[in-house]
There are 2 protein chains.
Amino acid sequence: MKREKKIQNSPINVWLIEDNLAYSNTISKLINNTSGMKCLKVFSMCEDSIKNFSPEELPDVVLLDIGLPGINGIQCIGKLKQISTDIQIVILTVYDDNDKLFDALCSGASGYLLKDSSPEKIISSIKEVKMGGAPMNMLIANKVLKMFSSFKQTKSDYGLTDREREILQYIVDGLTKQQIADKIFLSFHTVNTHIKNIYNKLHVHSRSGVVTKVFKENII
Amino acid sequence: MKREKKIQNSPINVWLIEDNLAYSNTISKLINNTSGMKCLKVFSMCEDSIKNFSPEELPDVVLLDIGLPGINGIQCIGKLKQISTDIQIVILTVYDDNDKLFDALCSGASGYLLKDSSPEKIISSIKEVKMGGAPMNMLIANKVLKMFSSFKQTKSDYGLTDREREILQYIVDGLTKQQIADKIFLSFHTVNTHIKNIYNKLHVHSRSGVVTKVFKENII
DNA sequence: TAATCAATCGCACGAATGTGGTATAATGCT
DNA sequence: AGCATTATACCACATTCGTGCGATTGATTA
């Protein structure tokens with residue numbers, strides 16, 4: 001009973017990592033003026049946040065500005081997550097380029113906000129990420145989804161036949177011509193011919209070339 | 001002036017592809033009872049939506065249930081996008097597994113809602129996607145971001161030295177030992193030795209093996 | 001100081017590769 | 001019926017590869 005009450009009532013412990021003093025003042029005040037959350041620590045560098053922490057008072061949510069001096073802000077995400085995966089990290093930045101966004105998400109960020117976000121959006125994002133959500137600006141969410149569609153494999157085929165594709169797979173697996181011949185009960189010469197044709201179709205002249213092409217262009 | 005007014009006032013043209021009649025009735029009524037949007041067509045199969053369309057009356061937004069009979073709902077996304085990339089597709093489904101989600105996003109979906117979403121969420125999502133956003137449920141957004149962190153390369157290294165890594169890159173590029181030697185002004189024998197060491201460290205015995213390992217385990 | 005490691009260079013040789021041919025039977029298309 | 005494609009098979013040969021061995025130099029470390 002007491003425990004339950006504590007969990008419900010304990011404010012969300014928010015840390016802020018941000019080098020712009022004016023902005024960090026604004027945000028920390030905003031948070032502290034909101035019931036249900038407290039901005040307990042403010043750092044201007046990632047290093048400080050990692051050094052100055054004690055295991056008892058881990059943050060629930062970290063608002064992190066990437067692109068500030070000192071070590072790479074992106075790396076900071078990983079280091080914080082290393083301390084505890086329970087720390088939810090929300091990026092708060094002016095950068096909206098795909099590279100930073102992608103790197104931040106890959107490193108384990110749970111949210112991504114641009115600095116032009118409204119105070120209401122920032123507050124709701126803190127609540128949302130605490131509840132297991134992934135707050136983002138509309139623009140950011142759109143970029144994230146577009147990244148997926150850019151993953152879409154073009155599946156080049158180069159007009160390979162089924163047999164050629166089969167043998168190509170064995171080449172990628174590292175088998176020699178003789179091993180391939182044995183495996184699919186063909187003559188060494190037949191395998192040799194197929195490989196010749198594969199090389200012609202893919203315009204390569206070596207095993208390394210063909211394997212690299214297979215992976216880079218998602219053949220097979 | 002007149003044009004501007006038309007753009008502002010023309011309702012969002014929404015299509016619904018959904019085989020559950022009760023649910024599709026509910027949703028289409030919900031949309032038609034909301035000012036600013038109209039549900040002009042309802043299909044129970046993807047095929048119908050692709051056949052029965054005329055270039056003049058393209059939808060702005062399609063609410064698509066994946067996992068209904070007929071062709072794969074995922075493929076439907078691609079086909080609709082092929083007709084026009086301006087069509088914004090929002091998935092509306094009961095499935096929340098990573099595979100369906102991933103495939104849908106890769107195929108070009110601009111939003112992903114679960115069927116337990118509130119009517120308000122559905123309406124706001126239609127507006128949001130029209131404005132260039134990417135509406136998702138909290139749970140879905142979280143899954144999407146988690147997918148990114150699962151991409152994170154482990155960067156196996158196998159204790160390769162800088163020189164070895166350099167030569168490994170040339171192998172991947174398809175150069176022969178002699179070509180590598182010429183390129184970095186080394187003796188053929190030195191390159192040979194480096195490659196021997198690389199093979200030992202990576203536990204491979206052929207060029208195909210080493211290249212495959214490089215790509216599968218993100219070495220270099 | 002001794003030891004270890006990385007980078008360099010060398011030789012030898014069997015195994016495998018890449019490439020130039022040619023040829024036959026089966027299948028499908030038009 | 002004729003043509004194209006595919007899969008099959010063979011030969012030959014120069015090139016390249018993989019791997020066994022050993023050796024010297026310089027830098028770093030114990």
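All chains are named by letter (A, B, ...) in the order of the sequence lines, taking the proteins before the strands, and each is independently numbered beginning at 1. Since the structure is predicted, the reported quantities are computational estimates derived from the model, not experimental observations.
Inter-residue side-chain proximity for A:L175 and A:D182 is flagged as unmet; no heavy-atom pair is nearer than 4.5 Å.
Results of the side-chain contact (heavy atoms from CB on, under 4.5 Å) test with B:I17 over B:I66, B:L80, B:L92 single out B:L80 as the only residue that passes.
When rounded to the nearest whole Å, the span between NE2 of A:H189 and P of D:dA12 equals 10 Å. Note: CG (A:D182) to P (D:dA9) measures 12 Å, nearest angstrom. For A:E164 and D:dT6, the CD to P distance is 7 Å, given to the nearest whole Å.
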Inset, instruction - Treat primed atoms plus P, OP1 and OP2 as sugar-phosphate and everything else as base, then score nucleotides 16-30 of chain D 5' to 3': B for base contact with protein heavy atoms under 4.0 Å, S for sugar-phosphate contact only, - for none. - result: -SBBBB---------
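Close placement of the B:F151 and A:F151 rings is indicated, their centers lying within 6.0 Å of each other.
Overall bending of the helix from C:dT1-D:dA30 to C:dT30-D:dA1, expressed as the angle between end axes built from five pairs apiece, is 60° (10° steps).
Between the side chains of B:E217 and B:Y158, at least one donor N or O lies within less than 3.5 Å of an accepting N or O. Side chains of B:N137 and B:S117: a donor-acceptor N/O pair is present below 3.5 angstrom, by distance only. Neither side chain, A:N197 nor A:K201, offers a donor N or O lying under 3.5 Å from an acceptor on the other.
Using a 30° and 60° split on the angle between ring planes, B:F215 and A:F215 fall in the parallel class, below 30°.
One finds a salt bridge joining A:E18 and A:K115 here, because a Lys/Arg side-chain nitrogen approaches an Asp/Glu carboxylate oxygen to under 4.0 Å.
Using a 4.0 Å heavy-atom distance criterion, B:T190 is classed as a base contact.
For the pair A:K100 and A:Y95, the cation sits on the ring face: its NZ or CZ lies under 6.0 Å from the ring centre, inside 45° of the axis.
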Inset, instruction - For A:F102 and A:Y112, run ring pair (Phe, Tyr, Trp, His ring centres under 6.0 Å): C-alpha distance rounded to whole Å, both residues' side-chain angles, the deciding distance at 0.1 Å, then the answer. - result: CA-CA 10 Å; A:F102 183 78; A:Y112 202 105; over 10 Å; no
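On the nucleic acid side, DNA chain C has its first and last nucleotide under 4.0 Å of a heavy atom of chain A at C:dA16 to C:dG21, going 5' to 3'.
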